[in-house]
Participant: 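Before we start, here is the structure in question, set down as structure tokens.
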Amino acid sequence: MATSSLSGNFSVLRHSETQSRSLLLLGGSSVKLFRSKHEASTCHGARVAAAVPRASAPEVAVVEKGREKVRVLKLGLICGGPSAERGISLNSARSVLDHLQGDDLHVSCYYIDCNLNAFAISSAQVYSNTPADFDFKLESLAQSFQTLSDLAKHLATAVDIVFPVIHGQFGEDGGIQELLEKYNVPFVGTGSKECCQAFDKHKASLELRKHGFITVPSFLVQGYETDKSELSEWFKKHQLDPDLGKVVVKPTRGGSSIGVGVAYGVNDSLVKANEIMSEGIDKKVLIEIFLEGGNEFTAIVLDVGSDLDSFPVVLLPTEVELQFRGANDVKENDAIFNYRRKYLPTQQVAYHTPPRFPLDVIENIRKGASLLFQRLCLQDFARIDGWFLPNSSSKLSPFSQSEFGRTESGAIIFTDINMISGMEQTSFLFQQASKVGFSHTNILRSIIHHACLRFPNLASVSGISGQLPSRSKSLQRNKSFSRREGTRKVFVIFGGNTSERQVSLMSGTNVWLNLLAFHDVSLHNQEDLKVTVNNALLEVTPCLLSPTSECASSIDMGKKADDVMNRTVWSLPYSLVLRHTTEEVLDACMEAIEPEHAAITSELRKKVMNDLMEGLKDHNWFTGFDIADDLPVKFSLRQWIKLAKEVQATVFIAVHGGIGEDGTLQSLLDAEGVPYTGPGAMASKICMDKVATSVALKHLANSGVLTINKDVRQKDDLSNKPINDTWHDLTRKLQCQTLCVKPAKDGCSTGVARLCCPEDLAIYVKALEDCLLRIPPNCLSKAHGMIEMPNPPPEHLIFEPFIETDEIIVTSKFEDATGHGLTWKGHSRWVEITVGVIGKRGSMHSLSPSVTVKESGDILSLEEKFQGGTGINLTPPPLSIMSENALKRCKQHIELIANTLQLEGFSRIDAFVNVDSGEVLIIEVNTVPGMTPSTVLIHQALVEQPPLYPHQFFRKLLDLASERSM
């Protein structure tokens, strides 16, 4: 672990004008940790073969940049794999592709399915929501390889280096690494032998204990015939009640989230262990003491050394805080940082970077993680998870003499080692990297550069650094905002106070990053990033519409004009956007301007950057940190709109629901002549009201557009009237046996449920009365997933007949290219679709519809709609379900709906479609649809001819907004 003084000099040096970017160099002393010759040879022994030049290396590609000829690095990106995390792997690949592809670095994409079949896929497939979107039709879409060996032979001649982003089995256990080593294919990350040892939690624990680290006491379960008496003795040894003692049960080789749960007592522990084995997650299971009172953390380690001299620097760690919001939340006694909390924005977890630990603890976490990285011979980068147990809660006194882990404040325990950390847009890698000056592109390229050093034919690669401009700084009130010739400012606004605000954060972040990621980048000065759009340069600023008080009712919340205009908007610096929830962003803004906290964070940041520069200064490919330590700036909505008018900015609206989608924000921008994306105020207002939407479309019944009967009820009436009476009244009026309930004026993803009986209605109404934030899975009579509830509860609810459609089952096994991996009985002849529309008012164009497949229950869950790696969308509809003629008529009906509602810019229409006639039964229209990295709109845009990739798609939406304003 490198050490340096916190008072090291910090200076900004102007780089050459030809490079047009700032370079931050930090002074201060630092001490490298060199391995002994023996240790170095041991750690790198498995990589020696890979370092040997290949007999048939890929042909060197060269591009001209100005007067220089720069070598093009050809990167093979491999995702997928057999583990349950293959969907997250696809998310990581998507993010890497977004931030690496360029003139000097060409990315080729490869996919390994759950049966270890390998394919070369197009980059368009990487933007699918989940592998199940394309698994069943890979033979018609991709180049297949007969064996994994054939894949490796292909890679040996087709690419310079491989970046494996397979999480869990075959990706982090040494499987893919061993394959690449066998065929001398250079790759990013740790070698096979070291991966195998670190991935196995039992082996890793033994190795850590051997090196003097504190470890969590554990019991290994192998097979179903475990001796119960031995486990009972282990419980007693560690002062745990054999009947009720709380433990964590986890697969030894299952990643950091999959299959991890809590058990109570010996019997329950064995039951949960057997479940893990019977589900095929793993053959061996660890039972560990539950660390009561501990604080979980995670830390990214970046190796900036050269040759065989490892120099791992630990970035600013992140504290993971599980939290529950009072009595309204569904509290779980066995709450842990599980798969859902890790990958879906939820207020049940909060992240703090840096952690709220004593400074000596933070320093010791950094020191220990760096030492662990070296002792286990890891390569390039890794994520290391662990726990800090304050002295008052530490139960590890028998291990107090351990060489590392004890501090004056408590014990530090490292528990999980992730060789291929998740790389979603707001993942820990990018959160922590941005806090110390790295953009997404910069940290990824730095990792790849470091990996190239190990391979003689790549060690001299210097052309992939690219132009790394300084990123946009947050708006400053005292800064001149006069519009420069040839530039256009864009304010991306997201957040708000609806139940969809977390999805809004994901959408806004994705839009902002895609606008930053354009390849036709030019710089006006070193402070602002601009990209060419319609022959103008673009300056992009992310902005948070702050949540209002959670105590306000849905009637009072910001509906008066003055109240709305006094809402708070924060202009955000780069690192503050990369958060899990809007509440986290807001807290980070407050912390950033609080002097004491800001001073501590600044000192920690400088220290890490000093450590990094001590190693990076020896590498000519590192051109500097490109994220400045800017402050957020607070505006009222009135001030923010006035500023947008002054600088002639275009507003990209990514606020879902509330004032972002009901016409309020649009009206305010119209009043000041500020252009914005999406439909106008009146169309937005109509589409937000699901009843008004049906009324506006009812006259189209003879034109192939149908509407669903609706009954609107006040929330208070539901509470005050007998449930049985209400149920019978609703089913009689709507002439149905089961109901679909949803908020009358909210987005499309919360509070939607299928009700099959009066008891279901009673549970739903009780959840509204108690202001519950979610209804747990399977509380209603028919199986369902977690139902996220709107907060605060809506004043009005819509009841509709539940529309029955035939179940669609998608498998990864395919018979031929006609879609026979699909199982669909087709009795009802109706399927659910979602489709984007784009264009000018009166001439909207329908994108290709997507058939939505529900994986759990009858209603699409929040995850299935917005969380990458979950949910299935079949884009375009397979011919085995819908004919080309029916699809054509369906798109005509969708365009009729869009033009009747006077939509413009872009929107998303959800509906049922008859697969024979193309008739459409409208569900709802979303004027600010989800724009997350895996949004279905991107899938549909990529089906267009020519395909529209994400950055092109969002640019197109800006162009439409600009053309409308002119």
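Only heavy atoms go into these numbers, but all of them, side chains included; no hydrogens, no water, no symmetry mates. Residue numbers count from 1 along this sequence.
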Participant: Got a sec, which residues hit side chain to side chain contact (heavy atoms under 4.5 Å, CB included) with Gln125, two or more places apart in sequence or on another chain?
Facilitator: Ile121, Ser122, Ser128, Phe134, Leu141

Participant: List for me each residue that meets salt bridge (Lys or Arg N to Asp or Glu O under 4.0 Å) alongside Asp200, sequence neighbours excluded, and say none if there are none.
Facilitator: Lys284

Participant: Show the nearest heavy-atom pair for residues Tyr949 and Ala124, with the distance to one decimal.
Facilitator: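 Nearest pair, atom of Tyr949 first, then Ala124: OH-N, 3.8 Å.
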
Participant: Counting N and O atoms only, with roles assigned by atom type, does the side chain of Ser507 sit under 3.5 Å from a partner on the main chain of Met931, one being a donor and the other an acceptor?
Facilitator: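 Confirmed, Ser507 side chain pairs with Met931 backbone.
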
Participant: Could you tell me whether Asp135 and Arg86 make a salt bridge, using a distance below 4.0 angstrom between a side-chain N and a carboxylate O?
Facilitator: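 No, no charged N to carboxylate O under 4.0 Å.
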
Participant: Can you name the side-chain hydrogen bond (donor to acceptor under 3.5 Å, both in side chains) partners of Asp173, sequence neighbours left out?
Facilitator: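 Only Arg253 meet the side-chain hydrogen bond (donor to acceptor under 3.5 Å, both in side chains) criterion with Asp173.
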
Participant: For the side chain of Thr805 and the backbone of Trp830, is there at least one donor-acceptor N/O pair under 3.5 Å apart?
Facilitator: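 Flag not set: sc Thr805 to bb Trp830 has no pair under 3.5 Å.
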
Participant: So do Ile881 and Val831 actually touch side chain to side chain, heavy atoms under 4.5 Å?
Facilitator: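 Yes. Closest side-chain heavy atoms under 4.5 Å.
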
Participant: Could you tell me if the side chain of Phe199 sits less than 4.5 Å from the side chain of Ile417, heavy atoms only?
Facilitator: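 Ile417 vs Phe199: side chains apart.
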
Participant: Run the side-chain contact (heavy atoms from CB on, under 4.5 Å) check on Cys452 and Ile161 step by step: do they pass?
Facilitator: CA-CA 8 Å; Cys452 287; Ile161 191 167; 4.1 Å; yes

Participant: Check Cys196 against Lys203 and note the closest heavy-atom contact, atom names and distance.
Facilitator: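 Scanning both residues completely, I find the closest heavy atoms to be SG-NZ, 4.2 Å.
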
Participant: Counting only N and O atoms by type, is there a donor-acceptor contact under 3.5 Å from the side chain of Gln940 to the main-chain atoms of Leu847?
Facilitator: no

Participant: Taking the side chain from Gln432 and the backbone from Thr298, do they hold a donor-acceptor pair closer than 3.5 Å?
Facilitator: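 Checked: pair present.
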
Participant: With sequence neighbours left out, write down each residue that passes side-chain hydrogen bond (donor to acceptor under 3.5 Å, both in side chains) with Thr147, or none if nothing qualifies.
Facilitator: Asp150

Participant: Would Tyr127 and Asp133 satisfy side-chain hydrogen bond (donor to acceptor under 3.5 Å, both in side chains), going step by step from the backbone distance to the final call?
Facilitator: CA-CA 10 Å; Tyr127 291 98; Asp133 286 359; over 6 Å; no

Participant: Does Glu178 CD have over 12 foreign heavy atoms under 6.0 Å away?
Facilitator: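 It does not: Glu178 CD has 12 such atoms or fewer within range.
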
Participant: Using only atom types and a distance under 3.5 Å, with no angle test, would you say the side chain of Ser427 pairs donor to acceptor with the backbone of Gly422?
Facilitator: yes

Participant: For Met423, does its backbone N or O pair with a side-chain atom of Ser95 as donor and acceptor, under 3.5 Å?
Facilitator: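 It does hold such a pair.
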
Participant: Determine yes or no for a side-chain-to-main-chain donor-acceptor pair under 3.5 angstrom, with His939 supplying the side chain and Asn129 the backbone.
Facilitator: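 Answer holds: yes.
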
Participant: When rounded to the nearest 0.5 angstrom, what is the spacing between OG1 in Thr932 and CD in Glu424?
Facilitator: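 Between Thr932 OG1 and Glu424 CD, I get 10.5 Å after rounding to 0.5 Å.
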
Participant: By side-chain hydrogen bond (donor to acceptor under 3.5 Å, both in side chains), which residues pair with His154, not counting sequence neighbours?
Facilitator: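 Scan of His154 (side-chain hydrogen bond (donor to acceptor under 3.5 Å, both in side chains), adjacent residues dropped) gives Tyr110.
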
Participant: Evaluate the side-chain proximity of Lys250 to Lys201: yes if any heavy-atom separation is below 4.5 Å, no if none is.
Facilitator: yes

Participant: Please name all residues satisfying side chain to side chain contact (heavy atoms under 4.5 Å, CB included) with Ala93, sequence neighbours left out, ordered by chain then number.
Facilitator: Leu77, Cys79, Val126, Val165

Participant: Can you sort out the partners of Cys890 under side chain to side chain contact (heavy atoms under 4.5 Å, CB included), two or more places apart, ordered by chain and number?
Facilitator: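 For Cys890 the side chain to side chain contact (heavy atoms under 4.5 Å, CB included) partners, ignoring immediate neighbours, are Ile833, Pro849, Ile894, Val913, Val920.
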
Participant: Could you check whether Asp380 pairs with Arg454 (Lys NZ or Arg NE/NH1/NH2 to Asp/Glu carboxylate O, under 4.0 Å)?
Facilitator: yes

Participant: State which residues pass ring-ring contact (aromatic ring centres under 6.0 Å, His included) with Phe953; sequence neighbours excluded, sorted by chain then number.
Facilitator: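 Counting only residues at least two positions away or on another chain, Phe953 forms no ring-ring contact (aromatic ring centres under 6.0 Å, His included).
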
Participant: Return the minimal non-hydrogen interatomic distance between Ala120 and Ala142, and the atom names on each side.
Facilitator: O-CB, 3.1 Å

Participant: Between Glu181 and Ile176, is the side-chain contact (heavy atoms from CB on, under 4.5 Å) condition met? List the steps.
Facilitator: CA-CA 9 Å; Glu181 287 166 357; Ile176 186 69; over 6 Å; no

Participant: Output the distance between atom CD1 (Ile384) and atom CG (Asp416), rounded to the nearest 0.5 Å.
Facilitator: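 Rounded to the nearest 0.5 Å, the CD1-CG separation comes to 10.5 Å.
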
Participant: For Arg908 and Val936, work out which heavy atoms get closest and say how close.
Facilitator: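 Scanning both residues, the minimum pair turns out to be CD-CG1, 4.1 Å.
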
Participant: Please report the interatomic distance CZ(Phe428) to NE2(His580), rounded to the nearest 0.5 Å.
Facilitator: 8.0 Å

Participant: Are Val837 and Phe906 side-chain neighbours, meaning at least one heavy-atom pair lies under 4.5 Å?
Facilitator: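 The answer is no; the side chains never approach within 4.5 Å.
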
Participant: Mind checking side-chain hydrogen bond (donor to acceptor under 3.5 Å, both in side chains) for Gln143 and listing every partner two or more places apart, or none if nothing turns up?
Facilitator: none

Participant: Do Phe381 and Asp303 come within less than 4.5 Å of each other through their side chains, counting heavy atoms only?
Facilitator: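 A side-chain contact is absent here, since even the closest heavy-atom pair is not under 4.5 Å.
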
Participant: Quick one: does any side-chain atom of Thr935 pair with a main-chain N or O of Ile938 as donor and acceptor, under 3.5 Å?
Facilitator: no

Participant: Determine whether Arg94 and Ser934 satisfy the following criterion, side-chain hydrogen bond (donor to acceptor under 3.5 Å, both in side chains), listing intermediate values before the conclusion.
Facilitator: CA-CA 9 Å; Arg94 185 188 308 122; Ser934 57; 4.7 Å; no

Participant: List the steps and the verdict of side-chain contact (heavy atoms from CB on, under 4.5 Å) for Thr441 and Arg445.
Facilitator: CA-CA 6 Å; Thr441 298; Arg445 287 181 176 241; 3.5 Å; yes

Participant: Determine the minimum heavy-atom distance between Thr190 and Leu378, stating which atoms define it.
Facilitator: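 In terms of heavy atoms, the two residues are closest at OG1-CA, 3.4 Å.
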
Participant: Between CD of Glu172 and CE of Met419, what distance do you get to the nearest 0.5 Å?
Facilitator: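 Interatomic distance, Glu172 CD to Met419 CE, rounded to 0.5 Å: 5.0 Å.
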
Participant: When you measure from the side chain of Gln177 to the backbone N and O of Lys193, does any donor-acceptor pair fall under 3.5 Å?
Facilitator: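 Flag not set: sc Gln177 to bb Lys193 has no pair under 3.5 Å.
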
Participant: Can you list the residues that meet the side chain to side chain contact (heavy atoms under 4.5 Å, CB included) rule with Thr509, with sequence neighbours excluded?
Facilitator: Gln425, Thr426, Leu505, Trp512, Leu513, Val577, Leu578

Participant: How many angstroms lie between atom CG of Asp160 and atom CZ of Phe187, to the nearest 0.5 angstrom?
Facilitator: 15.5 Å

Participant: Is there a donor-acceptor contact under 3.5 Å linking the side chains of Thr852 and Asn873?
Facilitator: no

Participant: Starting at OH of Tyr183, measure out to CG of Leu151 and round the result to the nearest 0.5 Å.
Facilitator: 10.0 Å

Participant: Decide yes or no for Leu75 and Val159: does some side-chain heavy atom of the first lie under 4.5 Å from some side-chain heavy atom of the second?
Facilitator: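 When only atoms from C-beta onward are counted, Val159 and Leu75 do not touch, as no gap falls below 4.5 Å.
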
Participant: Would you confirm whether Asp113, through its side chain, and Leu116, through its main-chain N or O, come within 3.5 Å as a donor-acceptor pair?
Facilitator: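 Yes, the answer is positive, given that a donor and an acceptor are paired below the 3.5 Å cut-off.
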
Participant: Specify the closest pair of heavy atoms between Pro933 and Met506, including all atoms of both residues, with the distance to one decimal.
Facilitator: CD-O, 4.5 Å

Participant: Compare all side-chain heavy atoms of Leu73 with those of Leu458 and state whether any distance is below 4.5 angstrom.
Facilitator: yes

Participant: Could you check Ser92 against His167 for side-chain hydrogen bond (donor to acceptor under 3.5 Å, both in side chains), going step by step and ending with a plain yes or no?
Facilitator: CA-CA 9 Å; Ser92 292; His167 304 307; 2.9 Å; yes

Participant: Tell me, with the steps shown, if Ile443 and Leu429 meet side-chain contact (heavy atoms from CB on, under 4.5 Å).
Facilitator: CA-CA 9 Å; Ile443 188 66; Leu429 173 66; 4.2 Å; yes

